[in-house]
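Here it is: the structure, laid out below.
Worth knowing before you read on, the calculation uses all heavy atoms, side chains too, and leaves out hydrogens, waters and symmetry mates.
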Amino acid sequence: MSNDKKVGNIVSKLKETKEDYHNFIYESVLFIGVTGIQSKMTISLIEHILKYAGLKTKILQANFNDLNTENIDIIDDIFKNGVDIVIIEVFPKILDFIYNFKFDIAVHTSIENSYPEDFFKIQKELFCKLDRGKIAIINIDDNNALKLIEDNNSALVVTYGLNNKASLTASSISITDYINLVVCLQRSLTTIQGVDIGTLEFPITLKSLAENNIYSALASIAVALSLNVDIEIIKKSIASFDFNLKSIIK
């Protein structure tokens with residue numbers, strides 16, 4: 001069976017499932033869509049933080065071996081087994097699949113928008129579909145990032161990056177055995193729950209020497225703050241995360 005046929009079957013099954021669970025799912029489960037070249041690392045770190053916070057998560061991976069009718073039981077996991085948050089990697093081939101969900105948070109993880117134009121259009125569609133009060137998290141160091149939200153006046157926008165204009169940035173970066181930095185929230189942030197978080201700073205340690213992982217950390221922290229996760233939990237969970245291949249979703 002072709003990949004497109006598999007996805008078509010999943011979409012049909014999902015629509016049937018949602019006929020029964022439509023109200024339940026959006027009252028009980030939060031959906032996070034993650035897209036871009038750093039998506040796998042970022043998803044792994046988001047999941048790690050949220051599990052550390054005691055939340056039950058489910059990842060839907062960009063892997064056609066996982067997205068098939070035999071594994072449609074993932075939908076049952078979401079609906080029946082107490083999943084709090086579903087994290088979905090957004091990529092072109094599952095376009096119809098992902099847009100059956102109403103995302104609460106959309107995360108852009110690219111540093112440079114060097115992928116094909118059609119992929120950018122798909123990413124933009126993800127951000128354009130965010131309803132009022134939902135949260136768009138974008139890497140402002142990507143020159144094209146602001147184009148993702150130019151047609152959406154409803155979503156709350158949180159920018160991150162090493163640019164001093166970012167809502168969430170890093171300072172005092174030092175690299176020895178690990179990366180140490182200070183996370184700076186430079187502008188207030190409103191969480192999904194409607195709680196206002198004021199400006200703040202706190203140190204974190206990344207068990208990594210790859211500077212690109214600073215971006216994944218900032219994106220993940222933006223998600224955690226948007227979900228009103230306690231700062232101490234964020235710090236401890238990141239300090240315990242090992243940035244190696246064993247930690248990354250395939």
| task | Could you name each residue pair satisfying salt bridge (charged side-chain N to carboxylate O under 4.0 Å, His left out) that touches residues 196-217, not counting sequence neighbours? | result | none
| Ile221 side chain near Leu168 side chain, heavy-atom distance below 4.5 Å | yes
| field | Contact check, side chains of Ile85 and Phe31, non-hydrogen atoms, under 4.5 Å | value | no
| note | The side chain to side chain contact (heavy atoms under 4.5 Å, CB included) partners of Ser172 (sequence neighbours excluded) come to Val182
| field | Euclidean distance, Tyr215 OH relative to Ile37 CD1, rounded to 0.5 Å | value | 10.0 Å
| field | Residues forming a side-chain hydrogen bond (donor to acceptor under 3.5 Å, both in side chains) with Asn180, sequence neighbours excluded | value | Thr205
| field | All salt bridge (Lys or Arg N to Asp or Glu O under 4.0 Å) counterparts of Asp230, not counting sequence neighbours | value | none
| task | Check Val107, Ile32, Val195, Leu189 against Ser226 for a side-chain contact (heavy atoms from CB on, under 4.5 Å) and give me the one that passes. | result | Leu189
| remark: So salt bridge (charged side-chain N to carboxylate O under 4.0 Å, His left out) across residues 151-173, not counting sequence neighbours, yields Lys124-Asp151
| Within-4.5 Å side-chain heavy-atom neighbours: Pro203 and Lys235 | yes
| Side chains of Leu227 and Leu30: does their closest heavy-atom pair fall under 4.5 Å? | yes
| Any side-chain heavy-atom pair of Leu206 and Ile214 under 4.5 Å | yes
| Crowded around Phe202 CZ? As in, over 12 foreign heavy atoms under 6.0 Å? | yes
| Heavy-atom donor-acceptor pair, Gln186 side chain to Ala166 backbone, under 3.5 Å | yes
| field | Atom pair OG (Ser44) and CG (Asp242), whose distance is rounded to the nearest 0.5 Å | value | 11.5 Å
| query | Counting distance only, does the side-chain N/O of Thr169 pair as donor-acceptor with the main-chain N or O of Gly161 below 3.5 Å? | reply | yes
| request: For Thr159, enumerate each residue passing the side-chain hydrogen bond (donor to acceptor under 3.5 Å, both in side chains) test, keeping only those at least two apart in sequence or located in another chain. | output: Ser167
| query | Which residues satisfy the side-chain hydrogen bond (donor to acceptor under 3.5 Å, both in side chains) test with Ser171, sequence neighbours excluded? | reply | none
| request: Taking the side chain as every heavy atom from C-beta outward, state whether Ser220 and Phe241 have any atom pair closer than 4.5 Å. | output: no
| task | Can you measure from NZ (Lys40) to CD1 (Ile43) and round to the nearest 0.5 angstrom? | result | 7.0 Å
| query | Which residues satisfy the side chain to side chain contact (heavy atoms under 4.5 Å, CB included) test with Leu209, sequence neighbours excluded? | reply | Ile175
| message | So does Asn212 get a backbone contact from the side chain of Gln38, meaning a donor-acceptor N/O pair under 3.5 Å? | response | yes
| request: Return yes if a side-chain donor-acceptor contact under 3.5 Å exists between Asp141 and Tyr160, otherwise no. | output: no
| message | Within the structure provided, determine whether Val34 and Ile88 are in side-chain contact (heavy-atom separation under 4.5 Å). | response | no
| Any donor and acceptor pair, going by atom type alone, linking the side chain of Asn152 with main-chain N or O of Leu130 inside 3.5 Å? | yes
| Rounded distance (nearest 0.5 Å) linking atom NZ of Lys56 with atom CG of Leu50 | 14.5 Å
| said: Quick one, Asn228 and Ile197 - any side-chain contact, counting heavy atoms below 4.5 Å? | reply: yes
| field | side chain to side chain contact (heavy atoms under 4.5 Å, CB included) involving Leu156 - partner list, sequence neighbours excluded | value | Ile135, Thr190
| said: Applying salt bridge (Lys or Arg N to Asp or Glu O under 4.0 Å), can you list everything that pairs with Lys51, at least two apart in sequence or on another chain? | reply: Glu47
| task | Kindly assign one of parallel, tilted or perpendicular to the pair His48 and Tyr52, based on the angle between their ring planes and the thresholds 30° and 60°. | result | tilted
| Ala210: partners by side chain to side chain contact (heavy atoms under 4.5 Å, CB included), with sequence neighbours left out | Ser208, Asn213
| message | Testing the basics here: between Lys147 and Glu150, what is the closest heavy-atom pair and its distance to 0.1 Å? | response | O-CG, 3.2 Å
| field | Matching residue for His108 among Asn139, Asp142, Thr42 - test: side chain to side chain donor-acceptor pair (under 3.5 Å) | value | Asp142
| side-chain hydrogen bond (donor to acceptor under 3.5 Å, both in side chains) against Thr109, all qualifying residues, sequence neighbours excluded | none
